[in-house]
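What follows is a structure written as structure tokens; I'll ask about it next.
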Amino acid sequence: MTTGLDETAPGGRLGGGPTPSEALRLYESMVLIRRVEERLRDDSAAGKLPGAVHLYIGEEAIAAGVCAHLEDRDYATSTHRGHGHFLAKGGDVRKMMAEIWARREGICQGMGGSMHVADLARGILGANGIVGAGLAIATGAAFGAKLDGDGKVAVCFFGDGASNQGALMETLNVSALWGLPVVFVCEHNGFSEFTPAADVTAGRIADRARAFSIPATEIDGNDVTEVWRAAGEAISRARAGGGPSFVEARTYRIQGHFEAEPVVLSGGRYRDPDEIESWRRNDPIARFRARLLSSSVADETALDGVEAAVAERVREAVAYAEAGQPADPELAEKLMFAPEEA
Amino acid sequence: MTTGLDETAPGGRLGGGPTPSEALRLYESMVLIRRVEERLRDDSAAGKLPGAVHLYIGEEAIAAGVCAHLEDRDYATSTHRGHGHFLAKGGDVRKMMAEIWARREGICQGMGGSMHVADLARGILGANGIVGAGLAIATGAAFGAKLDGDGKVAVCFFGDGASNQGALMETLNVSALWGLPVVFVCEHNGFSEFTPAADVTAGRIADRARAFSIPATEIDGNDVTEVWRAAGEAISRARAGGGPSFVEARTYRIQGHFEAEPVVLSGGRYRDPDEIESWRRNDPIARFRARLLSSSVADETALDGVEAAVAERVREAVAYAEAGQPADPELAEKLMFAPEEA
Amino acid sequence: MARTRLIQAIRDGVVEEMERDAKVVVYGEDVELSIVGDLRGVHERFGPGRIRNTPICETTLTGMAVGLAAAGYHVVVQMMFSNFLYTGMDAIGNQMSKLRLMTGGQVELPITVIATFGGGAANAAQHSDTPYAMLMNLGGLNVAVPTTPADAKGLVKTAIRSRNPCFVLEPNGRGGEAGEVPDGEHLVPFGKAAVRREGDAATVVAIGRMLKPALAAAASLETEGVSVEVLDPRTLVPFDEAAVLASVEKTGRLIVVDEARECCSAASQVAAVVAEKGFSLLKGPIRRVTTPNVAIPYAPNAEAHVIPGKARIVDAVRGSVSRSEVLV
Amino acid sequence: MARTRLIQAIRDGVVEEMERDAKVVVYGEDVELSIVGDLRGVHERFGPGRIRNTPICETTLTGMAVGLAAAGYHVVVQMMFSNFLYTGMDAIGNQMSKLRLMTGGQVELPITVIATFGGGAANAAQHSDTPYAMLMNLGGLNVAVPTTPADAKGLVKTAIRSRNPCFVLEPNGRGGEAGEVPDGEHLVPFGKAAVRREGDAATVVAIGRMLKPALAAAASLETEGVSVEVLDPRTLVPFDEAAVLASVEKTGRLIVVDEARECCSAASQVAAVVAEKGFSLLKGPIRRVTTPNVAIPYAPNAEAHVIPGKARIVDAVRGSVSRSEVLV
Ligand SMILES: Cc1ncc(C[n+]2csc(CCOP(=O)(O)OP(=O)(O)O)c2C)c(N)n1
Ligand SMILES: Cc1ncc(C[n+]2csc(CCOP(=O)(O)OP(=O)(O)O)c2C)c(N)n1
Ligand SMILES: [Mg+2]
Ligand SMILES: [Mg+2]
């Protein structure tokens, strides 16, 4: 399979890309996701987290590069691998951490967990445990945005595996017909669980959008400036009433499908350790750091400062979660229905 | 919307097409469907049929042209508009008629009716009341055919409306991946119920297949030789192990969505009478008759003989249905489960 | 008061709510010309910003409703036949009914799904299902089953004002029946059963399309001196347990008539509730009159055989009241 | 006899049937490496002609099963979590359960759908459903819920030999429990309940994952002098009504424990059947111990609160036996 990416593009070009302060925010966003998830990885291994966690390590450039263009009023739908989208879209790291720890202080009061982190006040319509479900939800939100007519957009993050759900074609059709302000962001990390994309994904995913005359682009999802540029274009088009766009970002999942993978696999193998290694060398954060330095957008001190601040936020978030109260065990029965007006 | 069809192709060319005897069988097949449905139209209007009927009048060239290449062992799935597929694939006209009359002698013992006529012995997996359902059923049957490895194929008939169900994309993907011997035949008659295709169908339908690198062709579905040729190519490819193909056949539904349409619409209008008229002039049977005559494949006497024989079969089928017994009212409870081996 | 057909009453309710609240938006397959009739004229009145035809893609219709509702709209989705709920089941089962809990109560999903259900019109198996069980078992969905034009209007208006997902299921065939609808604002609350006929020898709970044969059965039993109370629950979720228990307290006998298939039917649910909370009130077995566990056949005689009708209801009531008061 | 985990017993059953019958074909998402574990090693043994990974497209997985079965294969579809049945619901509700009737009995659909169900693992709302009601209400589907490795093997083998669609639902968590499985050919018939513990004061019908807490409850009630009979229905369709009625005849008291949500649950169905056919055998109300009508929460304490456990079962039995024998 060819990815259609230009891997030879010079590393340092920020020209036409983010401004230095935007670039630093992108860096911070990626580092925050990474450090949070490293912590989740360790806490999961230590048995501290009640449920499964699906980590985004290695894919941070996509969430960061896309969400840099979004405001709180814009919508985003996410996947089972949703921490990165939540954080990049401005969700509160402490409340997310508390959620995964099943705390009352969690963003969903402990009712949702890792797979369902959502922050409606920030347009984060939720991580979702149903592969492909976000497609229609984002399309519906985009319909609302279109009816509001105030330039809001909806972004749908979904995987290469999700792209095989018929919902993709249905929502491409509806959004093309109605000119909806939705951006489809396919995070092509090469796998659905343990199944390589080539086994289950015929043709080029972006061509599925092109069949509806939806502008589609295939990009290097580990290059945050490339993501930033492609997403910016798509989102501006949506805001301006230009309808849907499709961005296929090639990336790689460094961790297992979920943190229980080694146990579940019990010796079974579906990918080559060398492949993982080669993608580690293509780490989006390291690449961007190098580029920031080489282009003199930031120096080591500035970047280390970002790292330190992030580390502190993560420490604090974990402390917040650890110190939290257990969820209200009787909450479910109270929450199912919104109270009706009298 | 452009159909991509070459309407200027000379009318008379049978060269490279069906042999004279094949051509006569095509003619007979189309005329049989037409006469059966005219009778259903009249009997429905007269209140003689218990359920709704969806007629295929004007679209006969597609079923006839495709099914001419099929054997009993091949599979076909059909739609709510399924009489034509049933008859063209060799289903018994008397038993179909008896079914629609809700008779015990019906092909489904009166349990299915017009929307569910099926003849498993002839590979007719059934008309289906769920729009798009045939896509996965045909793909499953094609998987079976592939596993059998003996050159069987499956054909899936579906409408332009059905092409908006995500199942289309899912089955295109699976059949491309697995190289399944399935031919997707989209009967593009311009409407889903009362909704014009342009309102609900973005892009060109055949492009949806091309996105999976599935060979796709757009043809004049009212030209039976063109259908015959395109289907023949696709079916040969499937038999030879060449995998799936897609045929989009442009046609037009002369009758209403179903025979109760005038009542249901109660004055509402969704198409121009002139449009219907212009398609009447493009009648596939009249066109083919003219071509058979002009190319001297058959003379008036021969064609009138076919007409007369068909008329007799239809008369006989209606008599058979009329004389049939009411369905067994207790059959449903007996039929739900196949008896298990002891 | 005006005489109105049930589907027109629904249309009137939708129109009134669309006028009241600009955030009410309607979509579905063929809603513009309104093939079902329950939205006839709405498109002419409100235009494409408020009501629009969709492609045939039920998965997306239900899923999109979740996003549109989360974006602040009240979504009315017309799904035509209830069997197409299966096609759109993913978002019903995995999103609509769960998202509020999963988000810790952050989201509200004011969604009204309208669909016709039931048999009796030779529509065959794929257009005749009565899908309560699937919806009722999900936990987060209101389910209304209006039987009269007045209730149809009042319940659809309550649904559209609700902050929660509501299914308004139109009994197939009854859409054409006419009845009086009060003038002016008319709302029917959820969870309040209606006593359609008073009686003291047996309680018949009749759901949806079953109300008519139940009332016919009651009328004919009256001539035999058997006085039947007929209750119409009007909504299945929430369900008016108190009304049923109060009636059973009076009659001691319960017959539940439900067009759904027997297994896990709404009738089973009502029976279970009463066998649990009203056991001591009962003078004999609870009887259910339901469709057996079959797909609905096409032939009208076979269809009539499986769907409960007056005769089977009469038999069930007779069987119930003829039992000795003393338990063996 | 060999000690085997439940998911391995299923695997063994599938493998034996694949060896017996070359027409048995397996597919699903990630079945090759078998993320669930119930097909571990099958791919190495039989290769891509007999088992293959599919794309993520549940609508097509269930629909394709219908076509492949009609083409003469016995299809085993692994659907992973029961919640994904909603995603694949169209062909389940509109085809699998109806096509045989619609074709007048022409078609046979030997399809086995395997899925895990239930909560208890902090998998949250979209991976914890117990979807019996939806399947049981469709009428044309067998539903098996094995609770022991021996039954798991025997029921999956019966399912694969069946000429009809069968759902084999693996209780989440119990997949890891070990038990003795008889050597050699071992089939378990559908529709035969197992008495897991004998007793005479109350009958507890415990479905699937609920068997374990029910047995624990029975053991602890024994120490209070309350002798509980525990029945495991093993299949919900067909359902062994006779076994339940026979037990209730002995005990006079019925408690049904079901992990499904209360409304239209299998527990409601069992209660309704007994309230109808075994009313005179009952000494008191039928009690249901079920999950309330909520989506399953993530937090383990909240999850444990809603899913029935030993304590709630003990309470229900105590409440049942403490009632006066005389009805008021
Ligand atoms: C409807 C549905 N089917 C199957 C699953 C199980 N499942 C969870 S993640 C996953 C793979 C998803 O792959 P992809 O969309 O590429 O996302 P990635 O995990 O690679 O980020 C599968 C099959 C699910 N959660 N939902
Ligand atoms: C899943 C589903 N949704 C909706 C319907 C209602 N319906 C029946 S036919 C039809 C239009 C189908 O259009 P098309 O596929 O183009 O076939 P045509 O009627 O034009 O032959 C619709 C919406 C249905 N039967 N099944
Ligand atoms: Mg992936
Ligand atoms: Mg059409």
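Numbers restart at 1 for each chain; the letters A, B, ... are given by sequence-line order, proteins then strands.
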Checklist entry - Is it the side chain or the backbone of D:Phe81 that comes within 4.5 Å of chain A heavy atoms, both, or neither? => result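 Contact with chain A: none, neither part.
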
Checklist entry - A:Phe157 and A:His85: aromatic ring centres closer than 6.0 Å? => result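 Judged by ring-centre distance (under 6.0 Å), A:Phe157 and A:His85 do meet the cut-off.
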
Checklist entry - Is any side-chain N of the basic residue among A:Glu322 and A:Arg103 closer than 4.0 Å to the acidic one's carboxylate O? => result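 So A:Glu322 does not pair with A:Arg103 through a salt bridge.
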
Item to check | Best-contacting candidate, D:Ile56, D:Val36, D:Val294, against chain A by heavy atom pairs under 4.5 angstrom | outcome: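 Among the listed options, the one with the most contacts to chain A is D:Ile56.
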
Next on the checklist: Under 4.0 Å between a side-chain nitrogen and a carboxylate oxygen: does that hold for A:Arg122 and A:Asp119?
Outcome noted: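 A salt bridge is present here (some side-chain N lies under 4.0 Å from a carboxylate O).
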
Checklist entry - Step by step, would you call D:Arg288 with D:Ser265 a side-chain hydrogen bond (donor to acceptor under 3.5 Å, both in side chains)? => result CA-CA 9 Å; D:Arg288 292 168 301 153; D:Ser265 55; 4.5 Å; no

Next on the checklist: A:His80 vs D:His127, test: ring pair (Phe, Tyr, Trp, His ring centres under 6.0 Å). Steps then yes/no.
Outcome noted: CA-CA 11 Å; A:His80 53 288; D:His127 290 72; 8.7 Å; no

Checklist entry - Can you say whether A:Leu168 sits under 4.5 Å from chain D via the side chain, the backbone, both, or neither, judging by heavy atoms? => result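 The answer is neither part of A:Leu168.
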
Item to check | Contacting moiety of D:Leu33, where chain A heavy atoms sit under 4.5 Å | outcome: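 Answer is side chain: those atoms of D:Leu33 sit under 4.5 Å from chain A.
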
Next on the checklist: Under 4.5 Å from any heavy atom of chain D, what part of A:Leu331 do you find: side chain, backbone, both or neither?
Outcome noted: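 Neither part.
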
Checklist entry - With sequence neighbours excluded, what pairs up with D:Arg261 under the side-chain hydrogen bond (donor to acceptor under 3.5 Å, both in side chains) test? => result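 So D:Arg261 forms a side-chain hydrogen bond (donor to acceptor under 3.5 Å, both in side chains) with D:Asp129.
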
Checklist entry - chain A contacts: which residues in residues 302-315 of chain D have a non-hydrogen atom closer than 4.5 Å to it? => result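 Hits under 4.5 Å: D:Ala302, D:His305, D:Val306.
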
Next on the checklist: Is D:Ala295 close to chain A through its backbone or its side chain, or both, or neither, when contacts mean heavy atoms under 4.5 Å?
Outcome noted: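 Both parts, backbone and side chain.
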
Next on the checklist: What part of A:Gln109 gets within 4.5 angstrom of chain D, counting heavy atoms only: side chain, backbone, both, or neither?
Outcome noted: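 Contact with chain D is absent: no heavy atom of A:Gln109 under 4.5 Å.
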
Checklist entry - With a 4.0 Å cut-off, would you call A:Glu187 and A:Arg253 a salt bridge? => result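 Not counted as a salt bridge, because no side-chain N and carboxylate O are separated by less than 4.0 Å.
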
Next on the checklist: Please classify the contact of D:Arg52 with chain A as side chain, backbone, both or neither, using a heavy-atom distance under 4.5 Å.
Outcome noted: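 Contact with chain A is absent: no heavy atom of D:Arg52 under 4.5 Å.
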
Checklist entry - Side chains of D:Leu99 and D:Val66: does their closest heavy-atom pair fall under 4.5 Å? => result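 Of all side-chain heavy-atom pairs linking D:Val66 with D:Leu99, at least one is under 4.5 Å.
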
Next on the checklist: Given heavy-atom pairs under 4.5 angstrom as the criterion, report whether the side chain, backbone, both or neither of D:Thr54 touches chain A.
Outcome noted: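 For D:Thr54, backbone heavy atoms alone lie under 4.5 Å from chain A.
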
Next on the checklist: Under 6.0 Å between ring centres: does that hold for D:Phe167 and D:Tyr132?
Outcome noted: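 Not under 6.0 Å, so no.
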
Checklist entry - What residues, two or more places apart in sequence or in another chain, satisfy salt bridge (Lys or Arg N to Asp or Glu O under 4.0 Å) together with D:Glu177? => result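 In terms of salt bridge (Lys or Arg N to Asp or Glu O under 4.0 Å), with neighbours along the sequence ignored, D:Glu177 is linked to D:Arg174, D:Lys212.
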
Item to check | Selection from A:Asp199, A:Leu335, A:Asp328, A:Asn164 maximising heavy-atom pairs under 4.5 Å formed with chain D | outcome: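 Among the listed options, the one with the most contacts to chain D is A:Asn164.
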
Checklist entry - Which of the residues A:Gly166, A:Ala102, A:Ser114 is involved in the greatest number of heavy-atom pairs with chain D at under 4.5 angstrom? => result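 Among the listed options, the one with the most contacts to chain D is A:Ala102.
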
Checklist entry - Using non-hydrogen atoms only, which part of D:Glu32 is less than 4.5 Å away from chain A: side chain, backbone, both, or neither? => result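 Looking at D:Glu32, nothing touches chain A.
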
Checklist entry - Should the pair A:Arg210 and A:Phe246 be classed as cation-pi, given the thresholds of under 6.0 Å to the six-membered ring centre and 45° from the axis? => result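 Negative - A:Arg210 is either too far from the ring of A:Phe246 or too far off its axis.
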
Checklist entry - Under the ring pair (Phe, Tyr, Trp, His ring centres under 6.0 Å) test, which residues partner A:Phe184, sequence neighbours left out? => result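 Scan of A:Phe184 (ring pair (Phe, Tyr, Trp, His ring centres under 6.0 Å), adjacent residues dropped) gives none.
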
